[in-house]
Amino acid sequence: MTRAVTAILPESSLAVANRDEMLARIAVRCMECGERFTGADVFTSCPACGGLLDVVIPTKRTILPADFGVELPDSARHSGVWRYAPLLPILPPDSLVSRWEGNTPLYRDDRLTHFAGLRDGHLELKHEGHNPTASFKDRGMTVGVSHAKAVGARIVACASTGNTSASLAAYAAAAGIPALVLVPDTHVAVGKLAQTIAYGAKVVQIDGDFDRALLLLRELTAAYDVYLVNSVNPFRLEGQKTIIFEMLEQRGWQAPDWIVLPGGNLGNTSSFGKALIELQAVGLIDRLPRLAVIQAEGAAPFAAYHASGFEEYVPVHAATVATAIKIGNPASTPRARRSIELTNGWVTTVSDEDILGAKAVIDRAGIGCEPASAASLAGLRRLVREGVVLPHETAVALLTGHILKDTEAVTAFHFDDVQGTARSGANRPVRVAAELPALERALADALHG
Ligand SMILES: *Cc1c(COP(=O)(O)O)cnc(C)c1O
Ligand SMILES: [Zn+2]
């Protein structure tokens with residue numbers, strides 16, 4: 001197990017001393033055996049037992065809404081993540097790497113509320129596609145890469161289904177640290193790969209799926225001096241908590257009954273449970289919303305684990321159109337289980353057709369998202385139909401990524417036939433002669449929908 005990471009930049013010894021002191025003050029704890037570490041250690045799992053690590057946030061104090069967004073260093077003044085510093089690990093200000101992440105919209109559109117089966121005004125959508133690289137991954141990446149910079153990492157690396165690599169590539173470029181990215185050899189959405197290449201990361205396509213890529217990378221980072229930024233990294237999960245903080249701030253600190261999110265590697269699920277417990281401890285919310293995690297039918301090991309009463313966990317070989325949640329052995333499973341248990345949460349599945357159907361409704365409302373994001377609305381609809389979520393309850397659904405991440409999914413939905421016919425709602429461009437009468441017919445069609 002390596003830990004020493006050599007700094008690359010010449011610095012004044014005073015700055016380094018302060019930095020080391022600040023890192024040493026961050027408490028990190030193994031969730032399995034309780035062993036304690038500090039922010040100066042560069043582990044992504046417990047060296048004693050292999051368990052997952054948590055950053056420990058002091059919560060034996062009251063925090064008020066007015067405590068957020070104050071006294072931020074210039075490096076993070078506009079960040080929708082670092083404004084929640086009182087509930088984040090305190091990193092040296094000169095290490096912060098920010099691209100004004102967060103600050104994402106919370107939409108209401110009652111066409112979507114009806115689709116879900118809830119009463120008017122009872123559904124909101126937190127659109128994390130409105131981040132600098134167009135997915136929520138930026139919220140974790142600003143913290144992960146800032147920590148990497150603080151410990152003097154010479155190279156950062158991740159395995160990714162696409163969005164983590166796009167985000168890592170951007171933040172590594174911002175920090176001036178080289179990045180290595182492992183992606184599966186098939187089914188990486190072109191938009192995500194394009195971003196990763198353009199931002200300058202070294203991209204390695206491996207002959208295997210995401211789960212294999214992550215396994216390989218964890219071996220590599222154990223043997224070499226490489227900073228791993230997958231969502232097993234506890235610092236990344238700290239940044240993702242701010243999705244919850246910002247959503248609740250936007251709702252005047254009134255918790256909804258449910259928070260519905262897609263589940264892939266289960267980083268968000270883990271992070272959201274931790275965020276909610278901390279908010280309750282410092283007095284910012286007085287009751288816990290329930291988390292509902294939605295997995296794609298073909299990639300649902302956590303849903304099966306939940307259905308077994310968390311007795312039997314079996315990894316699967318993942319298959320789904322929603323590539324961002326195409327994960328068969330989620331790295332954060334024990335942490336995610338803790339989140340479901342603490343919030344009296346729920347886990348269910350949706351089919352690929354349900355995902356694409358819900359996505360079309362979200363897109364058609366002028367909001368738009370990538371396929372994995374639509375699992376949240378599809379899953380909420382299922383839970384309302386099954387009576388798990390009641391129509392008078394309130395819900396916030398998470399949209400995790402932008403529509404332009406996966407344009408192939410859009411064109412396939414609208415252009416490709418299913419069993420010889422177009423899908424209902426398919427919107428195909430029409431070719432007409434360059435003449436006014438033809439255009440008039442098109443105008444009439446457009447008017448009548
Ligand atoms: C990463 C990702 C997910 C899955 O999130 P987890 O935290 O791994 O469960 C879902 N949707 C999109 C768009 C993502 O990028
Ligand atoms: Zn341990």
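We're numbering straight along the sequence, starting at 1. Just so you know, these numbers use all the heavy atoms, side chains as well, and skip hydrogens, waters and symmetry mates.
- Counting only distance, with no hydrogens or angles, the side chain of Ser270 and the backbone of Leu266 share a donor-acceptor pair below 3.5 Å.
- The closest donor-acceptor contact from the side chain of Arg83 to the backbone of His78 lies at 3.5 Å or more, if one exists at all.
- One finds the OG1 atom of Thr394 at 9.5 Å from the CG atom of Leu123 (value rounded to the nearest 0.5 Å).
- Here the CG atom belonging to Asn344 is positioned 9.5 Å from the CG atom belonging to Leu288, to the nearest 0.5 angstrom.
- Here Leu106 contributes atom CG and Met247 contributes atom CE; the two are 7.5 Å apart, rounded to the nearest 0.5 Å.
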- Message: One pair to check against salt bridge (charged side-chain N to carboxylate O under 4.0 Å, His left out): Arg19 and Asp94. What are the steps and the verdict?
- Response: CA-CA 9 Å; Arg19 179 178 294 188; Asp94 63 349; 3.1 Å; yes
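- With salt bridges taken as basic N to acidic carboxylate O contacts below 4.0 Å, one links Arg251 and Glu124.
- The backbone N or O of Leu91 sits nowhere less than 3.5 Å from a side-chain atom of Ser95 that would complete a donor-acceptor pair.
- Nearest approach of Thr269 to Leu291, heavy atoms of both residues: O-CD1, 3.9 Å.
- One finds no salt bridge joining Asp354 and Arg381 here, because no Lys/Arg side-chain nitrogen approaches an Asp/Glu carboxylate oxygen to under 4.0 Å.
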- Query: Does the pair Thr104 and Glu246 meet the rule for a side-chain hydrogen bond (donor to acceptor under 3.5 Å, both in side chains), with working shown?
  - Reply: CA-CA 8 Å; Thr104 61; Glu246 190 178 275; 3.2 Å; yes
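- A donor-acceptor contact shorter than 3.5 Å is absent between the side chain of Asp209 and the backbone of His317.
- Of the inter-residue distances, the one linking Arg99 atom CZ with Thr142 atom OG1 reads 10.0 Å to the nearest 0.5 angstrom.
- Taking all atoms of both residues into account, the shortest heavy-atom contact from Leu112 to Ala365 is CD2-CB, 4.2 Å.
- Distance check, rounded to the nearest 0.5 Å: OG1 of Thr323 to CD of Glu408 gives 8.5 Å.
- Residues in residues 146-185 take part in these ring pair (Phe, Tyr, Trp, His ring centres under 6.0 Å) pairs, two or more places apart or across chains: His147-Tyr227, His147-Phe235.
- Looking at heavy atoms from C-beta onward, Lys126 lies out of side-chain contact with Leu399 at the 4.5 angstrom threshold.
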- Message: Go through it in stages, so that I can follow the logic: the residues are Arg236 and Ser271, the test is side-chain hydrogen bond (donor to acceptor under 3.5 Å, both in side chains), and I'd like the CA-CA distance, side-chain angles, deciding distance and then a yes or no.
- Response: CA-CA 9 Å; Arg236 252 189 72 190; Ser271 166; over 6 Å; no
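- Salt bridge absent: Arg29 and Glu35 never bring a charged side-chain N and a carboxylate O closer than 4.0 Å.
- Remark: Glu312 CD is loosely packed, at most 12 non-hydrogen atoms of other residues, nucleotides or ligands lying under 6.0 Å away.
- Note that the CD atom of Glu128 and the CD atom of Glu101 stand 11.0 Å from one another [nearest 0.5 Å].
- Identified under the ring pair (Phe, Tyr, Trp, His ring centres under 6.0 Å) test for residues 47-76, with sequence neighbours left out: Phe68-Tyr84, Phe68-Trp253.
- Counting heavy atoms from C-beta on, the side chains of Pro289 and Ile259 come closer than 4.5 Å.
- The nearest pair of heavy atoms linking Ala175 to Lys149 is CB-CD, 4.4 Å.
- Ser135 and Asn163 get closest at one heavy-atom pair: OG-CB, 3.6 Å.
- With hydrogens and angles disregarded, no donor-acceptor distance shorter than 3.5 Å links the side chain of Asp257 to the backbone of Glu393.
- A donor-acceptor contact closer than 3.5 angstrom is absent between the side chains of Lys274 and Ser339.
- A salt bridge does not link Lys359 to Glu370: none of the charged side-chain nitrogens sits closer than 4.0 Å to a carboxylate oxygen.
- Residues Val232 and Leu52 are in side-chain contact: their nearest non-hydrogen atoms beyond the backbone lie under 4.5 Å apart.
- Counting only distance, with no hydrogens or angles, the side chain of Ser376 and the backbone of Ser373 share a donor-acceptor pair below 3.5 Å.
- Using a 4.5 Å heavy-atom cutoff, the side chains of Leu72 and Ser79 are not in contact.
- In this model, no donor atom of one side chain and acceptor atom of the other lie less than 3.5 Å apart for Thr343 and Arg290.
- In this structure, Arg212 does not pair ionically with Asp185, as no charged nitrogen and carboxylate oxygen lie closer than 4.0 Å.
- Side-chain contact, Thr44 with Asn233: no donor N or O sits under 3.5 Å from an acceptor N or O.
- The closest donor-acceptor contact from the side chain of Asn265 to the backbone of Ala331 lies under 3.5 Å.
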Can I get a per-line list of side-chain donor-acceptor pairs under 3.5 Å for residues 293-306, giving both atom names and the distance, sequence neighbours left out?
unit_1, atom_1, unit_2, atom_2, d
Gln295, OE1, Phe302, N, 2.9
Gln295, OE1, Ala303, N, 3.0
Gln295, NE2, Gly263, O, 3.2
Tyr305, OH, Arg337, NH1, 3.0

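- In terms of modelled atom types and a separation under 3.5 Å, the side chain of Arg36 and the main chain of Val28 share no donor-acceptor contact.
- For the pair Arg218 and Leu215, the minimum side-chain heavy-atom distance is 4.5 Å or more.
- Pairing each heavy atom of Gly162 with each of Val188, the nearest pair is CA-CG1, 4.2 Å.
- Between Leu398 and the choices Leu125, Asn268, Ile244, the side-chain contact (heavy atoms from CB on, under 4.5 Å) rule is met once, by Asn268.
- A salt bridge between Glu341 and Arg338 is absent, with no side-chain N of the basic residue lying under 4.0 Å from a carboxylate O of the acidic one.
- A donor-acceptor contact shorter than 3.5 Å links the side chain of Ser146 to the backbone of Val97.
- Dense packing is recorded around CZ of Arg77, with more than 12 heavy atoms of other residues, nucleotides or ligands lying under 6.0 Å away.
- Residues Ser167 and Phe136 are not in side-chain contact: their nearest non-hydrogen atoms beyond the backbone lie 4.5 Å or more apart.
- The two residues Glu278 and Ile57 have their closest heavy-atom pair at OE2-CG1, 3.5 Å.
- No donor-acceptor contact under 3.5 angstrom links the side chains of Lys137 and Gln240, judged on distance only.
- Between Gln205 and Leu193, the closest side-chain pair of non-hydrogen atoms falls below 4.5 Å.
- Side-chain contact check for Val410 versus Leu404: every heavy-atom pair is 4.5 Å or farther apart.
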